[in-house]
Amino acid sequence: MDRYAIVMAAGKGSRMKSLDEFHSKVSYPILGRALVKYVIEAVKPLNPKEIVTIVGFGGEKTKKIVQDDSKVVWQTTLDGTGHAVLQTKEILQNRKGATIVLCGDTPLITTETLQNLFKKFEKDGDSATILTTVMEKPAGYGRIVREEKSKKILAIKEDKDCNELEKYIEEVNTGIYVFDNELLFKYLNQITPNNAQHEYYLTDVISLMVNDNKQVGAYILEDAEEVFGINDRVQLSYAAKVIRKRVNKKLMLSGVSMEDPDTTYISPDVEIGQDTVILPFTTITGKSKIGHSNLIGPNCYIQNSIIGNNNHVIASYLFDTTIGDNNEVGPFTKTRANTIIGNNCRVGNFVELKNAIFDNGVKCAHLSYIGDSNVGEATNIGCMSVTANYDGVNKSHTDIGKHCFVGSGTILVSPIKMDDQSFSAAGSVITKDICYDELAITRPEQKNIAGGYTKIRNKALSKKEKK
Ligand code: UD1
Ligand code: MG
């Protein structure tokens, strides 16, 4: 049976209290991934032929997040969940199969639960199967109204439309369902906004089906946490904690060590190889991929970076960086803007690399800034060396060859080139290219003055006495 998925994500989220009035609720991130993306990632393994996301409030932001994985339709007035689903009519209405409807603000939902819901729908031959759960405090949720004796589902009653007795029902609608697709649209076309909220309720499809003798079933979810919806930032932080624990557990079970998973923040999109050890207060997000047998942390922030094997990265910030194998990085290294580090390099304390390419065996161990540069194999960059790559308007390139020696405190005023096996003397300001086998030195010659120490000292002391 063909499967389709509809993700409702048009709602406003005013309780997030953002200054940005176009910040859609479902675009808030957890570990660098937007809420709605969690829902889409959970449904993707069920291979739906079509995923359609309904956007509305702050829709431009939501659209950017989902458009690679799903079709996007707009709901311009928020007239209820039934009205929302109707916006997918043009794409889905006449197709045969089963359609799952999901909410974009429930990031904890798992593929396994969605799979079980589909299985139940298919096995029982239902026209609709509702994912329900039992809550001690069901206020706010739609209640599952069942016939007293047979327990047959009759309707979903919204909280605001329940009578006193119905308010005691503890089985609630989670807002996730699988429908026979053609019947879904048949009955959606019949719903009206005659209810307490004057909205088109998707839930009214259930009673319309029952009145037409269609079979409606439920799959009762044991762990209500999976359908925890995000409405404010306290709930956002709660869900973040749950997701962090899940991600860390999965990684640890696959062979990654974490000294303190409670202070280790890894996005679900990140891959990490076996025997890599992550030390506390480390965050790894974006499209990062880490190989095996690395030691990372403590105190690292790694984003959109690829790290090979057997590296040691300590207390460093790496953005958009690729690192090979067997490197020593940090502490207090910052790399960014497509920096590439080969193998067996040392990038050390207080070193910033920006759009720099280091070939194998390069050493840049202390207090340097290397930007817009290529550095050849086995070159040594001495302490406090700087590429002066910006003239206030333009960025220029620095090319340093193989086996070079950049003396401590060299300033390379770019554009500039050092050929292979060239040498800059410590403290030099290099403004002309250095050729193969040359030594460039630009500092004035040293003059030593006999008795100079005493002379200077006495001058300083007599100045003090006069005061
Ligand atoms: C809905 C269900 C309720 C269920 C609850 C579970 C209906 C009528 N009620 O209620 O039975 O217990 O979810 O959380 O469906 N949305 C749109 N467009 C709209 C309205 C909502 O896209 O016009 C989206 C929201 O962004 C959200 C989802 O639909 O992702 C649910 O909407 P919400 O307003 O939270 O519905 P509830 O009143 O909580
Ligand atoms: Mg809700």
Side-chain angles (χ1 to χ4, degrees), residues 5-16 23-28 34-40 43 52-59 61-63 65-66 70 72-88 100-109 128 130-135 137-145 153 155-162 166-167 169-177 179 184 187-188 191-208 216 218 220-221 224-232 235 239:
I6 296 174
V7 181
M8 295 187 289
K12 189 162 177 183
S14 34
R15 279 186 273 161
M16 298 305 269
H23 199 316
S24 63
K25 182 171 74 172
V26 296
S27 64
Y28 279 85
L35 298 181
V36 64
K37 187 89 164 122
Y38 281 94
V39 178
I40 289 179
V43 81
V52 187
T53 305
I54 303 147
V55 306
F57 185 83
K61 239 191 188 103
T62 313
K63 187 178 164 191
I65 295 163
V66 302
S70 97
V72 173
V73 297
W74 284 83
Q75 185 193 18
T76 44
T77 54
L78 300 183
D79 291 333
T81 48
H83 179 256
V85 174
L86 261 178
Q87 309 312 304
T88 68
I100 188 164
V101 177
L102 302 146
C103 298
D105 59 358
T106 53
L108 302 183
I109 193 70
I130 310 163
L131 184 68
T132 70
T133 193
V134 176
M135 286 182 179
K137 291 180 185 164
Y141 288 88
R143 310 296 206 287
I144 306 298
V145 181
I153 292 174
I156 299 174
K157 270 273 190 84
E158 288 312 296
D159 189 60
K160 288 187 176 136
D161 300 292
C162 281
E166 286 163 341
K167 289 217 178 203
I169 300 174
E170 291 185 338
E171 188 184 5
V172 302
N173 170 28
T174 64
I176 300 176
Y177 339 70
F179 294 98
L184 169 65
Y187 293 110
L188 268 182
I191 60 174
T192 62
N194 296 329
N195 51 55
Q197 302 183 81
H198 307 292
E199 283 184 0
Y200 292 88
Y201 289 165
L202 172 61
T203 45
D204 282 353
V205 165
I206 300 298
S207 49
L208 289 170
V216 174
I220 304 172
L221 182 65
E225 187 172 76
E226 276 196 38
V227 288
F228 182 72
I230 311 296
N231 296 299
D232 59 38
Q235 292 168 336

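Ligands are counted one by one from 1 in listed order, and the atoms in each one are counted from 1 as well.
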Relative to ligand 1, is Thr106 under 4.0 angstrom through side chain, backbone, both or neither, heavy atoms considered? neither
Sequence-distant partners of Glu199, side chain to side chain donor-acceptor pair (under 3.5 Å), two or more places apart: none
Identify, by atom number and element, the atoms of ligand 1 in contact range of Gly80, meaning under 4.0 Å from any of its heavy atoms. 19 (C), 20 (C), 23 (O)
Per atom 32 (O) of ligand 1, closest listed option by heavy atom (Asp159, Thr81, Asp79, Val172): Thr81
With a 4.0 Å cut-off, would you call Glu166 and Lys157 a salt bridge? yes
Gln87 side-chain N/O to Ala84 backbone N/O, donor-acceptor pair under 3.5 Å: no
Atoms in ligand 1 with a heavy atom of Ala84 nearer than 4.0 Å: 17 (C), 18 (N), 22 (O)
With Asn173, the side chain to side chain contact (heavy atoms under 4.5 Å, CB included) member among Thr133, Leu202, Thr203: Thr203
Option set Ala9, Gly142, Cys103, criterion heavy-atom distance to atom 28 (C) of ligand 1, minimum: Cys103
So, regarding Met8 and ligand 1 (criterion: nitrogen or oxygen to nitrogen or oxygen, under 3.5 Å), is there a contact or not? yes
Can you list the atoms of ligand 1 that are under 4.0 Å from a heavy atom of Leu78? 23 (O)
Taking atom OH of Tyr28 as the centre, report whether more than 12 heavy atoms of other residues, nucleotides or ligands fall under 6.0 Å from it. yes
Closest non-hydrogen atom pair, Gln75 against Ala10: OE1-CB, 3.3 Å
Do any nitrogen or oxygen atoms of Thr203 lie less than 3.5 angstrom from nitrogen or oxygen atoms of ligand 1? no
Among Gly56, Gly13, Ala10, which one has a heavy atom closest to atom 22 (O) of ligand 1? Ala10
Option with minimal heavy-atom separation from atom 17 (C) of ligand 1, where the choices are Lys25, Gln75, Glu158: Gln75
Calculate, to the nearest 0.5 Å, the distance between atoms CD1 and CG belonging to Ile230 and Leu108 respectively. 6.0 Å
